[in-house]
Amino acid sequence: MAQRRLRKAENKLVGCYNPVDKPEETMFEDVKGQIAQRIDEFCLQNDLPTGKVEFRSIPFSGEWGMAAPLFPLAAADTNKTGPVPQHAQFLAEKLKEVIGLPAGFTRAEAVKGYLNLYFDTALYAASVVEQINSQGPRFGTAQPTDETVMVEYSNPNTHKPLHVGHLRNVILGGSVCNILEASGKTVIRANYIGDIGLHVIKWMCNYEMYHAGEQPAADEMRWMADLYSEADRRFHEQEGFEDEVRAYFARWDAGDEHIHDLWLQTRQWSMDGFAQVYELLGEHFDRIYFESDVEDSGKEIVDRLIESGIATDGRPENPVIVDIDAILGTKEEYRVAVILRSDGTSLYATKELPLAIMKFEEYELDQSIYVIDVRQSLHMKQMRKILELMGYPWATKIHHLAYEIVNLPGNVIMSSRDGTVVLLDDLVREATQRALDVVHEKNPELDPAIMLDVAQKVALGAIKYPMISRENTKIVTFDWESALDFNGQSAPYIQYANVRANSILRRAGSQPQEQGAFNYTLEPSEVNLIELLSKLPDEVSKSAKDFKPSTLAAYAYELAKAFNDFYNQCQVLKAEGEVRTSRLALVHAAKVCLEKTFNLLGIQAPQVM
RNA sequence: GCCCCCGUAGCUCAAUGGACAGAGCACCAGCCUUCUAAGCUGUUGGUUGUGCGUUCGAAUCGCACCGGGGGUACCA
């Protein structure tokens with residue numbers, strides 16, 4: 001029995017150990033096992049339950065180590081005499097004696113109910129840096145698993161512009177994909193394009209009536225956007241235009257060949273515009289689904305749902321619905337899902353069903369993630385439940401990754417209808433110009449082509465960072481001033497740290513061949529930096545677990561801050577001997593980690609600024 | 001009415017139930033004969049919306065309330 005309990009406790013400590021991921025655990029794994037064993041022995045001898053002691057890291061103190069809070073053990077001790085905190089302290093002191101000082105540790109202390117064991121600084125530092133430098137860009141990437149996930153994101157409507165309000169979805173989705181990949185999963189990036197509906201008909205009707213034969217300008221997106229808002233304005237303001245659109249819709253429904261051809265042509269113009277944006281943002285997709293592809297199969301599914309009694313057909317007066325609450329006996333939880341209009345035309349929900357099925361038929365998915373606006377939460381919940389009611393066992397693998405919208409100051413929501421949108425193009429152009437001015441001022445001798453490249457990377461990073469550095473469920477308020485502020489907690493700050501690291505390495509000549517031994521008294525800023533570097537794999541898995549790039553974005557900033565601090569405190573090139581070697585290796589490791597986080601966040605790192 | 005999200009420094013936001021709640025912006029004062037000052041250092045700033053509860057320990061978990069936003073049968 002004691003043996004079994006012992007093994008269980010050991011597993012708790014070292015069970016999740018992964019040699020590629022975690023340098024600190026690689027080094028101290030054996031020792032940790034030994035310590036755990038001694039703690040368990042102590043517990044058994046003193047009639048205390050095992051498995052109550054877990055290790056965490058000690059809050060920054062300039063030294064590394066692991067800490068064991070002894071409160072849970074103290075609380076569980078039936079023989080305790082005083083209050084828990086005092087008893088925890090008592091136990092910590094006892095354990096300190098029992099454990100002694102294992103190899104690789106330099107100091108042990110019992111303080112405030114915690115048992116703290118400090119690592120040998122040089123050994124720890126050298127190990128972290130060596131592992132990062134030997135693994136390079138692979139550092140922070142977990143071992144491949146056999147899990148496959150699909151992430152559906154972006155989902156733009158054709159014939160409409162992609163604007164800043166749509167940006168968060170793309171940036172968030174793309175970054176989540178990168179992070180999931182780094183956590184060992186196979187990721188399929190899917191994009192579901194809204195290529196049919198009233199907005200398309202409106203656009204085409206307006207085009208035929210007022211712009212027949214015109215070709216898009218080089219800037220397809222803007223051209224399409226301008227025509228869209230024109231069509232929308234006519235629809236609401238111009239006498240008779242709505243009737244024209246209705247008539248046009250009827251012709252489309254009847255299968256008018258000319259309209260169909262025009263639709264294919266104009267849809268392509270939109271797709272070309274999207275492609276430009278995706279290229280600019282560094283996004284790509286593995287699978288494109290068109291809404292038009294699932295319209296017919298959606299209606300078939302509705303028929304099946306009616307036949308099987310899940311759906312109620314209220315036509316012609318009422319729509320086809322699934323009263324989920326009535327079926328499940330729940331009350332106002334799932335409400336009523338409308339899956340087909342009373343006139344038999346399809347809704348968003350109609351097409352959502354076959355799309356979900358298609359995904360799982362095409363791929364063996366362990367998870368199907370939808371990056372969609374939080375306002376569609378109920379809708380997503382309904383879809384999932386309907387698929388479950390239809391008997392699809394994979395329905396539970398659907399996950400709605402909800403995010404909050406981007407609005408304008410004063411809680412104004414961007415709308416392509418009343419011109420409150422900020423076009424992506426305008427934002428990028430403005431930001432690039434702003435960045436270019438700064439580069440010009442800071443680094444005037446740079447080659448103009450490089451200057452422009454740098455400005456673009458800085459501008460895009462600055463735009464993307466606010467979108468991923470906030471928690472998914474928090475509203476991002478867009479305003480020009482903060483979007484174009486390149487100082488402080490922003491992507492350019494992080495990029496700048498990386499440029500500084502690069503600058504040191506460049507001046508040092510070749511890449512550091514030797515790994516430092518860190519056999520000198522480290523500055524606090526060095527210790528802090530190394531500490532953060534070692535945390536990267538943990539941050540990646542944390543961020544992947546919750547689908548939260550914001551975790552990693554915060555980490556990137558911390559890292560840059562730590563590097564800037566180090567940069568100011570510690571000479572590298574002018575240092576000598578062991579110090580120089582070690583610091584050079586550290587700078588290289590820092591650059592590896594900074595670039596890795598950039599990579600995962602979808603931000604590009606210029607080599608000069 | 002019911003459901004979901006948010007509420008932390010003047011503003012924008014952080015903080016696997018763990019040691020003293022931290023950054024940025026703004027304000028003020030310093031630091032470029034030293035690897036890029038898009039940087040660094042220092043000062044100021046808090047009843048974590050309110051009240052109960054769970055816990056050795058709560059910004060974090062539970063319940064109630066207050067305030068803001070969103071959703072709630074033929075938009076997406």
Side-chain angles (χ1 to χ4, degrees), chain A residues 56 58-59 61 67 69-76 80 83-88 111-114 116 155 157 194 197-199 314-315 318-323 331-343 345 347-349 352 372-379 381 402 404-405 407 411 435 438-439 441-443 458 462 466 469-471 473-477 479 481-482 485-490 492-497 499-508 538 542 545-546 550-551 553-554 557-558 560-561 564-565 567-575 583 587 608-609:
Chain A
R56 51 178 46 253
I58 306 173
S61 60
L70 291 160
F71 306 104
L73 189 63
K80 68 169 176 293
V84 170
Q86 273 88 330
H87 193 58
V111 55
K112 291 179 182 173
Y114 291 82
N116 294 337
N155 301 2
N157 285 329
L198 184 61
H199 67 281
R315 287 175 291 177
N318 293 302
V320 180
I321 59 157
V322 179
D323 189 344
K331 209 179 154 194
E332 286 197 86
E333 192 181 343
Y334 292 94
R335 310 222 166 222
V336 168
V338 178
I339 55 173
L340 198 70
R341 285 199 187 89
S342 50
D343 65 2
T345 56
L347 292 153
Y348 191 73
E352 197 70 69
I372 301 181
D373 189 336
V374 68
R375 288 179 292 189
Q376 290 178 47
S377 292
L378 178 61
H379 161 81
K381 199 172 150 185
E404 262 292 359
I405 52 154
N407 64 12
N411 197 21
V438 181
V439 182
E441 178 197 325
K442 305 282 177 189
N443 218 340
V458 169
S469 60
R470 276 166 184 72
E471 243 181 277
T473 48
K474 285 198 172 156
I475 295 171
V476 172
T477 300
D479 68 285
E481 201 185 328
S482 63
D485 184 1
F486 296 157
N487 296 311
Q489 197 163 359
S490 66
Y493 175 93
I494 307 166
Q495 288 169 321
Y496 186 61
V499 162
R500 281 176 146 181
N502 187 54
S503 181
I504 292 174
L505 295 173
R506 196 179 54 239
R507 283 168 190 275
D538 251 9
K542 226 194 293 178
K545 182 176 142 282
D546 307 323
S550 61
T551 303
Y557 173 71
E558 292 265 316
K561 193 173 163 57
N564 276 330
D565 191 25
Y567 183 94
N568 267 62
Q569 303 279 324
C570 303
Q571 289 285 331
V572 178
L573 297 175
K574 288 188 177 159
R583 285 182 177 165
V587 170
V608 291
M609 275 172 82

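Taking side-chain N and O atoms only, A/Arg500 has a distance below 4.0 Å to OP1 or OP2 of B/A37. Of the side-chain N and O atoms in A/Lys561, one or more sit less than 4.0 angstrom from OP1 or OP2 of B/G24. One finds no side-chain N or O of A/Tyr334 lying less than 4.0 angstrom from the OP1 or OP2 phosphate oxygen of B/G71. Within the structure, a side-chain polar atom (N or O) of A/Tyr567 is placed less than 4.0 Å from OP1 or OP2 of B/A37.
Taking A/Ala560 as the reference, A/Tyr493, A/Ile494, A/Ala497, A/Leu594 meet the side chain to side chain contact (heavy atoms under 4.5 Å, CB included) condition, with sequence neighbours excluded. For the side chain to side chain contact (heavy atoms under 4.5 Å, CB included) test, residues two or more places apart in sequence or in another chain that qualify with A/Ala349 are A/His379, A/Met383. Under the rule for a salt bridge (charged side-chain N to carboxylate O under 4.0 Å, His left out), the partners of A/Arg375 that lie at least two apart in sequence or sit in another chain are A/Asp373. Every residue was checked against the salt bridge (charged side-chain N to carboxylate O under 4.0 Å, His left out) condition with A/Lys381, not counting sequence neighbours, and none meets it. Not a single side-chain hydrogen bond (donor to acceptor under 3.5 Å, both in side chains) links A/Ser503 to another residue, sequence neighbours left out. Remark: A/Glu332 engages A/Arg335 in a salt bridge (charged side-chain N to carboxylate O under 4.0 Å, His left out) (not counting sequence neighbours). In this structure A/Arg583 satisfies the salt bridge (charged side-chain N to carboxylate O under 4.0 Å, His left out) test together with A/Glu526, sequence neighbours excluded. Under the side chain to side chain contact (heavy atoms under 4.5 Å, CB included) criterion, A/Asp479 pairs with A/Pro409, A/Glu481, A/Ser482, not counting sequence neighbours.
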Heavy-atom contacts, protein to nucleotides 4-14 of chain B, under 4.0 Å, summarised as B (base), S (sugar-phosphate only) or - (none) per nt, yield -SSS----SSS

Each nucleotide of nucleotides 26-31 of chain B classed B (base within 4.0 Å of a protein heavy atom), S (only sugar-phosphate) or -, in 5' to 3' order, makes ------

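When the P atom is compared between B/U72 and B/C63, the two are found 25 Å apart, to the nearest whole Å. The same atom, C1', is picked in B/C20 and in B/A76; the two are 49 Å apart, to the nearest Å. Comparing the same atom, C1', in B/G39 and in B/C32 gives a spacing of 10 Å after rounding to whole Å.
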RNA chain B in dot-bracket form (Watson-Crick or G-U pairs under 3.5 Å, [ ] crossing, | inter-strand) is (((((((..((((....[...))))..((((.......))))......(((((..]....))))))))))))....

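For the atom pair OG1 (A/Thr477) and CZ (A/Arg470), the distance works out to 7.5 Å, reported to the nearest 0.5 Å.
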Under 3.5 Å between N/O atoms: give me all the protein pairs with nucleotides 55-66 of chain B, atom names plus distance.
none

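Shown here, B/C11 is classed anti by the O4'-C1'-N9-C4 or O4'-C1'-N1-C2 angle, which is more than 90° from 0.
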